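Worksheet: the structure to be examined is printed underneath.
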Amino acid sequence: MAWRIARRELRGGVRGFRVFLLCLITGVAAIAAIGSLSSSFTEGMRADARKILGGDVDIRLSHRPATDDQLAWMQANGTVSATANMRSFARTDSAHALAEVKEVDELYPLFGELRLAPDIGLATAFAKQDGRWGAAVEGALLIKLGLEVGDSFRLGETTVRIAATIENEPDRAAGAFTIGHRVLVGFEALQASGLVQPGSLVRYHYRIGIADSSAVVVWQEAINAEFPKAGWRTRDTRNAAPGIRRAIDRITIFMTVVGLTALLVGGVGVGNAVRAFLRSRMATIATLKCLGASGSLIFTTYLLQLLVLAGIGITAGAVIGGFAPMVAGPIVGDSLPVDIRIGIYPEPLLLSVLFGFLVTLVFSILPLARARAVPAANLFRELVAPLRGAAAWRDIAVFIVLALLLGGIVVVTADDQRLAAYFVVGAVATLAVFRIAAAGITFLARHAPRVRSTHLRFALGNLHRPGSPTGIVATSLGLGLTVLIAVSLIEGNISRQVDQGLPKDAPGTFFIDIQPDQAEAFDRIVTSIPGVRNLRRVPMLRGRIIEIAGTPVGEIEAPPEYAWVLRGDRGLTWARNPPERGSTVVEGKWWPVDYKGPPLLSFDAGAARALGVSVGDAIKLNVLGREFEAKVANLRRIEWNSFAINFVIILAPGVLDGAPQAHIATARADDPAIEVALERAIADQFSNISAIRVREVLGRLQELIAHLATAVNVVGMVVIFAGVLVLAGAIAASHKQRVYDAVVLKVFGATRRDVLAVFCIEFALLGLAISMIATVIGTAASWAIVTKLMRAEWTFLPMSAVSTIALCLFATVFIGALGTWSAMSQKAAPLLRNK
Amino acid sequence: MSGMNSSASINPIITLSDVRLTLNSDAGPVNILRGIDLTIMPGEKVSVVGPSGAGKTSLLMIVAGLEQPTSGVVRVADVTLDGLGEDALALFRRDHVGIVFQDFHLIPTMTAMENVAVPLELAGQQDAIELAESRLEAVGLDHRLTHYPGQLSGGEQQRVALARAFAMNPTLLLADEPTGNLDSDTGERVIELMFQLSAEIGTTLLLITHEGAIAKRCDRTIRIDDGLIASNGINGGLNAC
């Protein structure tokens, strides 16, 4: 019977459900699109894992190559391709550019395809011609140096010939963030350059193809058991490009939060639409009840209708979202280091459908339950006692269960469950806050002292009259405004980082790979150039933390913002004196200048707090294959934003003094021309020393951050669109009543100005109250996302918030005024004629 | 309520000259009023009768300024309504006209007192609520001041509507089948009140009704048929006073 009645009612079409459908479509499409895009990235990385990694397993050593024994083992247990990576300068007489030099062997690449232009093959490209070894270079390097294929440039102490440009480097994505331009050379060319010196920052990679590629875990266990103190980092195809993986995960988490917010906002719209729908069916429901329909029949009939309509909206949303990889792929394809796999991914689509139905049920169950409980007679007084039947305890229990289920699924299916839990709690709290705020506004309006202004009196009355949309508008406007303020502050903070530039005394140039016997001459050259200041030079090696206070790092649960400290190898240094700038000892004591005792170290105070390190703890390190333990003598607060040379770990003299090491240095020249002259002077004298201009690095980062700001805005628009929909729906829901009121007021002497003034004041009062609350919540949300998710500094930007509020209020009043204008234009006669 | 409007002026309160109203419909133009000439003097009680669809309500809407005639001249309370904008018409109604509808047309989200206070507040009366209370007392609803329309019976709602219509001591009261949704006893009471209040203030009354007894209570009855005045005769019946 319920289905029969539902079907007949549905014959009337979906005209009154536009907002309901659009809200569901937007929310579901957002979730489906985000999930599908993430899956397409992940699938792309999985499918191309061997190509991205360069093998089934990648072993990385810093500063030194594998020993003969280690190499022999690898070769006995797989096919090995070795590469060596380092930074240097590519120089001509008139220009120089930072180069990411990569020496490859004849087996490179083991997987994937290296494409050169012209298509001549590596052996031909690297061959010696006219006394010059060949190289293949990134096209951008030619532009930077003003060269063409066939020309030459200086690399260290040798001259290389540009044999080809690199069209595709299959394993480029596996590397870290690169600053320089790729130069591929052979073994002989790198040897001839003289760039590889003891202590030079060279990363040796050994890519191994093994017969049974599914046995990568066993293979790694075997080699680590054979060489337990090798001090290398191993990686396999399950995590071929962790940096990119982390970036994708972070972006996915952020976008998932946005998608869930869109769904939540849409859910409010669904709830509003359901209430409006039931109100419009009052007469039918009352009639059915008068004719003998039970409450359960009413409930089931209208639930079925809502589910059918929800099914239409959810399906449409899932289909739209499912096409996201196909739409996004061609747009973002070239800017990503990984090919996304375009396809239909069922799991995120099913999840979005599940979310869509749960949201529909959660936001519909109580209005339906109330409609079921209201006696038939009361339904004829719907405006004065709007749906005021009490929902049964059973229905409230069902609502709670559904809400918990929805929240639970959000958390369980999230990549970052802690963040998802915060989101769920935050969303519920926000909704509750705005509901309470609406009740507060109604209370204050009802008890406001009598004011002289007629318009203000009417406006205050409208805020608390029975059936007033204050609650709905407060929630819809509040949610939408909260999201808008959060997005605005996030984007503002990101842009601030872009525009901030460098601190006043930040270094202008970093110099790396300074050999110990070059240090004095280096210092002399730098200090002899007028306009150059703040020279700092320290020794540097790379090593990794093995244990903290007896616990292997693999067993330590590091918080995400400090996991990098334990991951892979880090730059280390040693020093007699505490750093002059960039960090301050805050706990413990620095060692004496002539210290000669057991190994001591100084540790980053922030990392220490996060990892549970205290003064006196022992930390085991592996440096150049040698393991040793050092005690924490002090903790330093490090100002990473100063761009000064900073290290998480500084060792006391005595441990690393005699180890092969290079130095790094920083210097500053305010005049860019002097900066160039300084780099030139060093490059001319020391062909192995590379200079990295901080401004250029910052420029690259700024580009990425600017893209991120754009992405935040674009994605935020989805939520704002949902918010505008919901608000428009809330205003539309009260439109009929507003039209009627406006007509009757006109009959008794209200001008259009009177009606418009009342509306504007009503919404201005409501908007002002709600915007204050939304500012607090939106600010808190932006703080959480910027500091916890993006790991950046956050500042409250009052102008951002104020301008956002002003714009939103203007838009709200404007949209509502449009609706009111149409109400005022309504001809009175048709409405007033006797039925 | 106190005071009576002076009827010393010899100008008609309502003058309609060849008023026509044509509305467009899917089936083509529909001639609602086909040339109405009508004069009503101040203080008169005039009933309008005729079959359904004859144009009675349209005539009343035109007099109230709620409908613009297609052609003709409409002059009410010394105000020519032709060419007046919406706002000017609203102010005209506020100052001169009270209206009572068959369907009451109270604002459902306002209490009885607030409904009656609306025209007073729109006119800027500082004691609007107090005046509204006294209007409701006059119609016997001082015990229903804070009730919403949905909490009132039909008769009570119509009395609230009456109090609202008389709130500004209008020159002209227009009533469109005010007893159409009421039982006979209740309707009788409402009509009694209407005539009583009109007499007290000296308001001119233009009343559409289907009930012969009510029509006969008026000074004059106009019969409208097919958009034209079919008859316009003086009744022999008594007025409310």
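In the text below, chain A, chain B and the rest are named by the order of the sequence lines, each starting its count at 1. What you see is a predicted model; the values in this text were computed from it and never measured.
Remark: B:S134 pairs with no residue by the side-chain hydrogen bond (donor to acceptor under 3.5 Å, both in side chains) rule, at least two apart or across chains. Residues forming a side-chain hydrogen bond (donor to acceptor under 3.5 Å, both in side chains) with B:N31 (at least two apart in sequence, or on another chain): B:T22.
The closest donor-acceptor contact from the side chain of B:R93 to the backbone of A:K746 lies under 3.5 Å.
Both the backbone and the side chain of A:V747 come within contact range of chain B, judged by heavy atoms closer than 4.5 Å. With a threshold of 4.5 angstrom between heavy atoms, B:I129 approaches chain A through its backbone and through its side chain. The contact between B:S58 and chain A is made by backbone and side chain atoms together, counting heavy-atom distances below 4.5 Å.
A:Y740 is listed as a side-chain neighbour of B:H105, based on a closest heavy-atom distance under 4.5 Å. Inter-residue side-chain proximity for B:I107 and A:L745 is flagged as met; some heavy-atom pair is nearer than 4.5 Å. Residues B:L122 and A:F458 form a side-chain contact, since some pair of their non-hydrogen atoms from C-beta on lies under 4.5 Å apart.
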List, one per line, each side-chain donor-acceptor pair under 3.5 Å for residues 440-456 of chain A, sequence neighbours excluded.
residue, atom, partner, partner atom, Å
A:T442, OG1, A:A438, O, 2.9
A:R446, NH2, A:H464, O, 3.4
A:H447, ND1, A:F443, O, 2.9
A:S453, OG, A:H455, N, 3.4
A:S453, OG, A:L456, N, 3.1
A:T454, OG1, B:E121, O, 3.1
A:H455, NE2, A:D754, OD1, 2.8

* Output, in order, the C-alpha distance, side-chain angles, deciding distance and verdict of side-chain contact (heavy atoms from CB on, under 4.5 Å) for B:R164 and A:V744. => CA-CA 12 Å; B:R164 181 179 63 181; A:V744 173; 3.7 Å; yes
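Across all non-hydrogen atoms, the minimal contact from A:A750 to B:A90 is O-CB, 3.3 Å.
Residues of residues 762-769 of chain A having a heavy atom under 4.5 Å from any heavy atom of chain B: none.
Summarising the local packing, CZ of B:R189 is surrounded by 12 or fewer heavy atoms from other residues, nucleotides or ligands at distances under 6.0 Å.
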